[in-house]
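Since the structure comes first, as structure tokens, the remarks are kept for the end.
Order of the sequence lines sets the chain letters (A, B, ...), proteins ahead of strands, with each chain counted from 1.
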There are 2 protein chains.
Amino acid sequence: MLATMTELTIGELSERSGIATSAIRYYENRGLVWSRRTPGNQRRYERPMLRRLAFIRTAQRVGLSLEEIEEALAALPSNRTPNKADWSRLSRGWRPRLEAQIAQLERLRDTLDSCIGCGCLSLRRCSLSNPDDVVAERGPGPVLLEGR
Amino acid sequence: MLATMTELTIGELSERSGIATSAIRYYENRGLVWSRRTPGNQRRYERPMLRRLAFIRTAQRVGLSLEEIEEALAALPSNRTPNKADWSRLSRGWRPRLEAQIAQLERLRDTLDSCIGCGCLSLRRCSLSNPDDVVAERGPGPVLLEGR
DNA sequence: CCACAAGTTGAAGTGAACTTGAAGTCAAGG
DNA sequence: CCTTGACTTCAAGTTCACTTCAACTTGTGG
């Protein structure tokens, strides 16, 4: 394999991002990433695509669906390569979501001790089986954190 | 609808558990729950089945797959109706798993501030894209918590 | 006694996020 | 040049956890 120049093949992109080539093609079909084509019809990716993939992967870890990620990415400037501030702004929106997820799991853990820990595990009476609705928010903007 | 006697129809079970009848039948096909049949071939569930469903549902919230739940339930005594201690023992195994999930999200949140917060979001260098492998443990027993 | 709600079955459908396969084309080192 | 590995497309397959459907049969209040 020759020197890695300014553009990357799909294989190189895959290796560096840890995302399977099949997944990358799938993303490309969905419009999440894009590429230039060589005269022989092969994909060539610009390096900023790596960051985009990092964003996608991390967003997934936060629990976003590809559809939500698509929406988020649509908020990036289209006229220039996104800079740090752009990425930062986007990912800042995750924080409340993350916090909510953490809070929910913590509540579950705490209830586990008192409620399941005692073996009761009764529906209704027990908050364990009364799931606080999962945070489902669309678009950007703050996510509502509901109390207990 | 006549008085709720000692056995429950699938509809009653559904209403009390908040789980759709179709899901209950699906669970029954997978062997997660079972029922007696009336002369007319309708299902009748004993009340302890409610607790079993509560367990299943809660285990799902903790992130277990139905297959894992199947395994866990297999550890219950088959000769008698499980008591509080039985359920308690089973669900105690969730704690480490929950803790691990919480810890992972917290790490993600903290890294978010320093790493994505600054806009770097670089694969490899950034721990965000180096996901600590998700806890995947089989059967009971303590789950290893890996440090950062 | 009968209408109608609630129950039955097995097969097929759903949606998310990919993966796999077949049948080829392209690129680069020896 | 030529072999070999990387790449191409598009359709179909996979997994998980259900839901929906069609075509019945049961059970119950009035």
Side-chain angles (χ1 to χ4, degrees), chain A residues 1-5 7-45 49 52-53 55-73 131 134 136 138, chain B residues 1-5 7-45 49 52-53 55-73 131 134 136 138:
Chain A
M1 40 197 92
L2 203 56
T4 301
M5 23 213 67
E7 287 185 320
L8 303 164
T9 66
I10 195 171
E12 289 164 337
L13 194 64
S14 167
E15 204 181 345
R16 281 164 193 281
S17 66
I19 297 175
T21 58
S22 58
I24 295 176
R25 283 197 202 94
Y26 173 74
Y27 292 161
E28 192 159 336
N29 285 341
R30 293 194 53 150
L32 287 163
V33 297
W34 56 84
S35 56
R36 178 180 82 78
R37 294 302 179 110
T38 64
N41 197 35
Q42 295 197 353
R43 292 171 175 84
R44 288 301 123 91
Y45 294 95
M49 224 33 103
R52 214 176 158 89
L53 282 180
F55 179 89
I56 293 171
R57 168 184 263 239
T58 310
Q60 283 185 313
R61 293 232 292 140
V62 177
L64 302 184
S65 68
L66 285 184
E67 195 176 345
E68 291 171 303
I69 296 171
E70 257 174 64
E71 284 175 37
L73 288 172
V134 173
R138 38 205 55 280
Chain B
M1 41 197 91
L2 202 58
T4 301
M5 23 214 66
E7 288 185 321
L8 304 164
T9 66
I10 195 171
E12 289 164 336
L13 194 64
S14 167
E15 204 181 346
R16 281 164 195 281
S17 67
I19 296 175
T21 59
S22 58
I24 295 176
R25 283 197 204 92
Y26 173 73
Y27 291 162
E28 192 159 336
N29 286 341
R30 294 195 53 151
L32 287 163
V33 297
W34 56 85
S35 55
R36 177 179 84 76
R37 293 302 181 109
T38 64
N41 197 36
Q42 294 196 355
R43 293 172 175 83
R44 287 304 122 90
Y45 295 94
M49 224 33 104
R52 212 175 159 90
L53 282 180
F55 178 88
I56 292 169
R57 169 183 262 240
T58 310
Q60 283 185 314
R61 292 233 291 139
V62 177
L64 303 184
S65 68
L66 285 184
E67 196 177 343
E68 291 171 303
I69 295 172
E70 258 175 64
E71 285 175 36
L73 287 172
V134 174
R138 37 207 55 276

Verdict with reasoning, B/Leu8 to B/Met49, per side chain to side chain contact (heavy atoms under 4.5 Å, CB included): CA-CA 9 Å; B/Leu8 304 164; B/Met49 224 33 104; over 6 Å; no
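- With sequence neighbours excluded, the residues that form a side-chain contact (heavy atoms from CB on, under 4.5 Å) with B/Arg44 are B/Glu7, B/Thr9, B/Arg36, B/Thr38, B/Gln42.
- Atom CZ in A/Arg36 sits about 12 Å away from atom P in D/dT8, given to the nearest Å.
- Between the side chain of B/Arg57 and the main chain of B/Gly18, a donor-acceptor pair closer than 3.5 Å is present.
- Residues B/Ile69 and B/Phe55 form a side-chain contact, since some pair of their non-hydrogen atoms from C-beta on lies under 4.5 Å apart.
- Computed from coordinates, the A/Ile56 CD1 to C/dC18 C1' distance equals 14 Å when rounded to whole Å.
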Annotated protein contacts, base or backbone, on nucleotides 7-17 of chain C with a non-hydrogen cut-off under 4.0 Å, one of B, S, - each: SBB-------B
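- Here the shortest heavy-atom pairing between B/Arg43 and B/Ser35 reads CG-OG, 3.4 Å.
- Taking both residues in full, the closest heavy atoms of B/Leu53 and B/Val33 are given as CD2-CG1, 4.0 Å, listed atom of the first, atom of the second, then distance.
- In this structure, the CG atom of B/Leu32 is 13 Å from the C1' atom of D/dC16, given to the nearest Å.
- Listed pair B/Thr38 / D/dT26 fails the phosphate criterion, with no side-chain N or O lying under 4.0 Å from OP1 or OP2.
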